[in-house]
Amino acid sequence: MRPVTITARGHTNVRARHPKTIELTADVDVTPRGTCIVGVSAELDRRGLVGLDGPVVVTLTCGHASDAVRGMANPRYDPGSGRLVIRRSHHRAPDTLVVDADRGSADLDRALVAALARDDAELRVDIAPDPDSPHHTPRTWDVDLAAVQDAALRVGGGAPVTFAGPLPRRATDRRRALTSAPDSITIWQVRPQDVAAVAAEAGDRLVATVTDPATPDEVVHDAVARSPVRAKTAFLVVRAPSTPSADDALLAALRDAGVPAKTLQDALVRATGMSKRDAYTRIVDPA
């Protein structure tokens with residue numbers, strides 16, 4: 001797992017008094033009733049938040065104030081929920097990025113909470129593997145992945161190359177991760193036995209399959225590896241998805257027919273993988 005950084009903003013209604021949860025929300029406004037909320041306008045639609053796994057440390061920084069929370073990443077987290085929740089419980093809801101956390105918002109440094117209780121406050125959230133966790137298992141990302149990079153650059157026309165880490169094993173989570181990739185060539189680590197299934201889900205965006213990199217058995221395949229199950233490790237190189245599209249005329253017709261904007265928004269998010277905010281803008285203010 002690679003480190004991920006997202007940003008959010010403070011709000012005058014930040015209280016951070018909840019004993020069991022900490023929350024960031026993509027909403028721009030909150031009421032004092034949201035006692036677990038520590039940040040608004042959070043950037044939650046980044047592909048980097050999908051499929052995180054293992055022990056993590058989440059560091060919250062605002063100005064000179066900082067605090068850290070430790071727990072286990074939830075690989076089933078869905079940024080499209082519009083929320084990022086850290087829970088002390090083991091409840092792996094789609095809006096929850098971290099479970100089994102060592103604290104709730106009431107336990108955060110009060111200097112940090114005071115700094116966040118301002119509308120102009122800027123919050124930085126760093127999510128990284130926790131090397132001090134007894135459950136920590138180092139992932140070998142310092143191997144020579146030159147073959148993977150070469151395959152990506154050969155077809156990418158100089159586009160950025162992103163190492164995304166392990167692809168979620170659950171089919172629905174895999175598809176969500178593949179459709180929310182950034183504007184770059186993305187390299188995913190997959191189990192050799194999952195190569196065929198993932199390749200089918202990636203479709204014509206699959207660039208190459210690389211098996212056993214940095215070993216004498218290293219092979220770069222232009223498409224799907226012929227015998228991936230025999231490999232010890234496998235990586236897929238995938239092009240970024242095209243910009244999500246929708247039939248604006250159909251959306252307008254459904255809206256005019258009385259279909260609620262929330263219903264259209266949810267359907268558009270599921271169909272295209274775009275963020276809730278972009279989907280809502282597409283519906284209420286189409287370009």
Side-chain angles (χ1 to χ4, degrees), residues 1-11 13-31 33-62 66-109 112-113 115-117 121-130 164-165 168 172-173 176-177 180-182 265-266 269 273-280:
M1 189 191 110
R2 73 207 179 288
V4 179
T5 298
I6 64 172
T7 60
R9 301 194 65 82
H11 194 280
N13 285 329
V14 165
R15 298 291 186 269
R17 295 174 180 165
H18 201 287
K20 296 182 179 180
T21 59
I22 300 170
E23 180 182 332
L24 301 172
T25 177
D27 294 339
V28 298
D29 197 20
V30 292
T31 70
R33 292 193 299 273
T35 57
C36 62
I37 295 173
V38 298
V40 302
S41 301
E43 297 179 353
L44 303 181
D45 56 350
R46 294 183 54 180
R47 191 267 318 141
L49 291 173
V50 177
L52 300 183
D53 202 359
V56 294
V57 55
V58 181
T59 304
L60 309 170
T61 304
C62 181
S66 181
D67 204 350
V69 182
R70 287 178 162 80
M72 298 293 292
N74 173 21
R76 300 179 181 179
Y77 172 66
D78 178 11
S81 65
R83 306 169 68 200
L84 187 159
V85 181
I86 298 172
R87 297 183 188 275
R88 299 193 70 168
S89 73
H90 193 66
H91 181 50
R92 295 193 172 192
D95 65 358
T96 302
L97 181 68
V98 178
V99 297
D100 300 329
D102 63 355
R103 62 183 66 192
S105 62
D107 303 309
L108 292 175
D109 187 288
L112 173 64
V113 174
L116 291 171
E122 296 182 358
L123 172 62
R124 173 183 169 125
V125 182
D126 295 298
I127 305 161
D130 184 2
T172 53
D173 294 334
R176 184 176 295 115
S180 59
Q265 178 191 33
D266 291 343
V269 168
M274 67 171 61
S275 69
K276 282 193 172 184
R277 183 176 299 179
D278 290 344
Y280 186 78

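V98 approaches G71 most closely through the heavy-atom pair CG1-CA, 3.7 Å. The heavy-atom pair separating P129 from V57 by the smallest distance is O-CG1, 4.0 Å. The shortest non-hydrogen separation linking I22 to S105 is CG1-N, 3.2 Å. Closest non-hydrogen pair, A26 versus L44, comes out as N-CD1, 4.1 Å. Between P79 and L49, the closest heavy-atom pair is CG-CB, 4.1 Å.
The side-chain hydrogen bond (donor to acceptor under 3.5 Å, both in side chains) test applied to D126 returns T5, R124, not counting sequence neighbours. Scanning for side-chain hydrogen bond (donor to acceptor under 3.5 Å, both in side chains) contacts around S41 gives an empty result, with sequence neighbours left out.
With contacts defined as side-chain heavy-atom distances shorter than 4.5 Å, the pair L97/I86 does not qualify. Using a 4.5 Å heavy-atom cutoff, the side chains of H11 and L123 are not in contact. Under the 4.5 Å side-chain criterion, counting only non-hydrogen atoms from C-beta, V38 is in contact with L24. Looking at R103 and D67, their side chains come closer than 4.5 Å, going by heavy atoms from C-beta outward. Y77 places a side-chain heavy atom less than 4.5 Å from the side chain of L84. Considering only heavy atoms from C-beta on, L60 comes within 4.5 Å of V125 through its side chain. Between V28 and V40 the shortest side-chain heavy-atom distance does not fall below 4.5 Å.
The main-chain N or O of R17 is never found under 3.5 Å from a side-chain atom of T35 such that the two would form a donor-acceptor pair. Checking side-chain atoms of N13 against main-chain N and O of V30 turns up a donor-acceptor pair under 3.5 Å. In this structure a side-chain-to-backbone donor-acceptor pair under 3.5 Å is missing from D130 to P55.
For the side-chain contact (heavy atoms from CB on, under 4.5 Å) with D100, the qualifying choice from H91, H90, R92, R88 is H90, the only one to do so. Exactly one residue among N74, T96, T21 makes a side-chain hydrogen bond (donor to acceptor under 3.5 Å, both in side chains) with R87. That residue is T96.
Interatomic distance, L108 CG to L116 CG, rounded to the nearest 0.5 Å: 8.5 Å. Atom CD1 of residue I6 and atom CD of residue E43 lie 8.0 Å apart, to the nearest 0.5 angstrom.
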